[in-house]
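Note sheet for the following structure.
Along the sequence shown, residues are numbered consecutively beginning with 1.
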Amino acid sequence: MLSYQHIYHAGNLADVQKHALLAWMLAYLTRKDKPISYIETHAGRGLYQLDAPEAVKTGEAEQGITRVLTDQGLAADHPLHRALSETRKAHGAAAYPGSPLIAASLLRPDDSLHFAELHPQENAALRAALKPWKAKVHQQDGFELAMSLAPPTPRRGLLLIDPSYEIKSDYARIPGIIGQLHKKWNVGIIALWYPILKDGSHKQMLKALEAQGLPDALRHEVAFPPVREGHRMVGSGMFVVNAPYGAAEEAARISALFKAVSRK
C-alpha cells in the first residue's frame, strides 16, 4: 500500500473529528508534568496545503475544516485551534496540520515522538515538516513499529492507528493487533480511526474489538453526507482504549459540533 496520499482528503470532516479528539487527549496528557510517548502507525506527510490542486480538486477541506472554522463551530480555546494557528503562522493561511504536526505542536521537548510512514515521498515530506522538532521518523510498517516499541519509554502515552484501509485485510487484522499491543502496553492509550462506509465494512472490526472487553473503551462516531456523488464514506469513527477521563464528554461536544454544522 504505497499509493495512498492524504492530500486529497486533508482537512475533511473525518479529519476534524479525529484531530479534535486527538488534540484534546494530547492536551489532557500534558497537564501532568511527566513526559509521554506518542506513536503513529500511518503518519502521512504531516503538513498539507489546502490550496494545493489535489485538495481543491476534491473540495473535502472546503466542506470540512474550512466550514467548521467559518461557522465558528470549534471553541477558540480548543487545542486543535492552537495547533492550527501555530501551523498557519509558520506555513501560511492555507496550511493544515496532519496528526504528526498536531502532536508536535502540543507536546513538549521531553516527550518522545515516533512516526511510521512507508510511502517514500510522504516519508521525505514528513521528515521535512518535523525538522523543527525532536521526532523519529521511520520508513517501515507502522504495525511492526508499534509492536517493536511497546511498551515505550516513557510508558505513559498514546498510540494513533490511522490506516487508509486500502488494504481490506486491515479490518480483520486490527482487533488482534490492538489486543496484542494492549497486553504489551496495558497503560497506553490506543486510538484507532476508521471510516464509516455505506457497506458497513467497519462493523465486524468494531464487534471484534468490543468482544475483547478492553478497558475504558470509548467508541465515538459522527455521520455526514457523502462529499460528492458516488462517494462511499458517510461518517467517521474513533475507538479508544484506556480513554482518558473526560474523553466521553469531549466526544459529545464534537458530536454537537457536527450536528450544528450539518444544520447550516
Side-chain angles (χ1 to χ4, degrees), residues 5-33 35-40 42-115 117 121-137 157-158 160 162 191 193 250 253-254 257-258 260-261:
Q5 295 186 52
H6 192 62
I7 181 59
Y8 291 94
H9 314 290
N12 65 7
L13 285 171
D15 265 3
V16 172
Q17 183 230 8
K18 171 178 59 184
H19 291 158
L21 187 55
L22 173 66
W24 182 91
M25 290 192 290
L26 291 173
Y28 177 88
L29 285 172
T30 56
R31 291 179 194 174
K32 286 187 178 180
D33 189 22
I36 71 167
S37 292
Y38 178 75
I39 306 166
E40 277 197 39
H42 301 75
R45 70 176 64 175
L47 174 64
Y48 303 92
Q49 292 294 337
L50 300 184
D51 57 357
E54 299 93 333
V56 173
K57 179 180 179 180
T58 62
E60 293 187 29
E62 188 67 29
Q63 297 180 48
I65 189 63
T66 302
R67 185 177 179 186
V68 168
L69 293 176
T70 301
D71 293 345
Q72 297 181 329
L74 196 65
D77 62 350
H78 196 284
L80 179 55
H81 252 311
R82 178 176 141 201
L84 185 60
S85 296
E86 288 190 18
T87 301
R88 291 186 167 176
K89 189 183 298 182
H91 300 284
Y96 183 79
S99 44
L101 254 66
I102 291 171
S105 297
L106 298 176
L107 297 182
R108 304 151 301 184
D110 289 342
D111 295 323
S112 174
L113 291 87
H114 290 268
F115 302 95
E117 175 52 50
Q121 290 176 314
E122 299 293 278
N123 186 284
L126 179 62
R127 290 176 187 273
L130 289 171
K131 198 170 183 180
W133 291 278
K134 186 176 69 175
K136 294 184 179 179
V137 179
L158 189 153
L160 176 64
D162 179 23
W193 175 84
E250 174 61 19
R253 287 189 287 269
I254 294 169
L257 182 159
F258 271 75
V261 169

Between [X] and [Y], is any pair of side-chain heavy atoms under 4.5 Å apart?
| X | Y | value |
| --- | --- | --- |
| L69 | L84 | yes |
| E250 | Y28 | no |
| F258 | L13 | yes |

Pairs in or reaching into residues 55-81: which pass ring-ring contact (aromatic ring centres under 6.0 Å, His included), with residues at least two apart or in two chains?
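Sorted pair list comes back empty.
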Output every pair passing ring-ring contact (aromatic ring centres under 6.0 Å, His included) with a member in residues 48-72, not counting sequence neighbours, ordered by first then second residue.
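Counting only pairs at least two positions apart or across chains, the ring-ring contact (aromatic ring centres under 6.0 Å, His included) contacts touching residues 48-72 are H6-Y48.
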With no hydrogens and no angle check, is any side-chain donor or acceptor of R88 less than 3.5 Å from a backbone partner on A93?
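At least one qualifying donor-acceptor pair exists.
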Mark yes or no for whether W133, through its side chain, and A104, through its backbone, hold a donor-acceptor pair below 3.5 Å.
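Checked: pair present.
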Quick one: pull up [atom1] in [X] and [atom2] in [Y] and give me the separation to the nearest 0.5 Å.
| X | Y | atom1 | atom2 | result |
| --- | --- | --- | --- | --- |
| Q17 | N12 | CD | CG | 10.5 Å |
| L126 | F115 | CG | CZ | 7.0 Å |
| L106 | L26 | CG | CG | 6.0 Å |
| H114 | E40 | NE2 | CD | 12.5 Å |
| Y96 | T66 | OH | OG1 | 9.5 Å |

If you look at every heavy atom in P79 and A23, which pair is closest and at what distance?
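Where P79 meets A23 most closely, the heavy atoms are CG-O, 3.6 Å.
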Should K57 and E54 be marked as a salt bridge (Lys or Arg N to Asp or Glu O under 4.0 Å) after you check the CA-CA gap, both sets of side-chain angles, and the distance that decides it?
CA-CA 5 Å; K57 179 180 179 180; E54 299 93 333; over 6 Å; no
Carboxylate-amine/guanidinium contact E86 K89, below 4.0 Å:
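No, this pair does not count.
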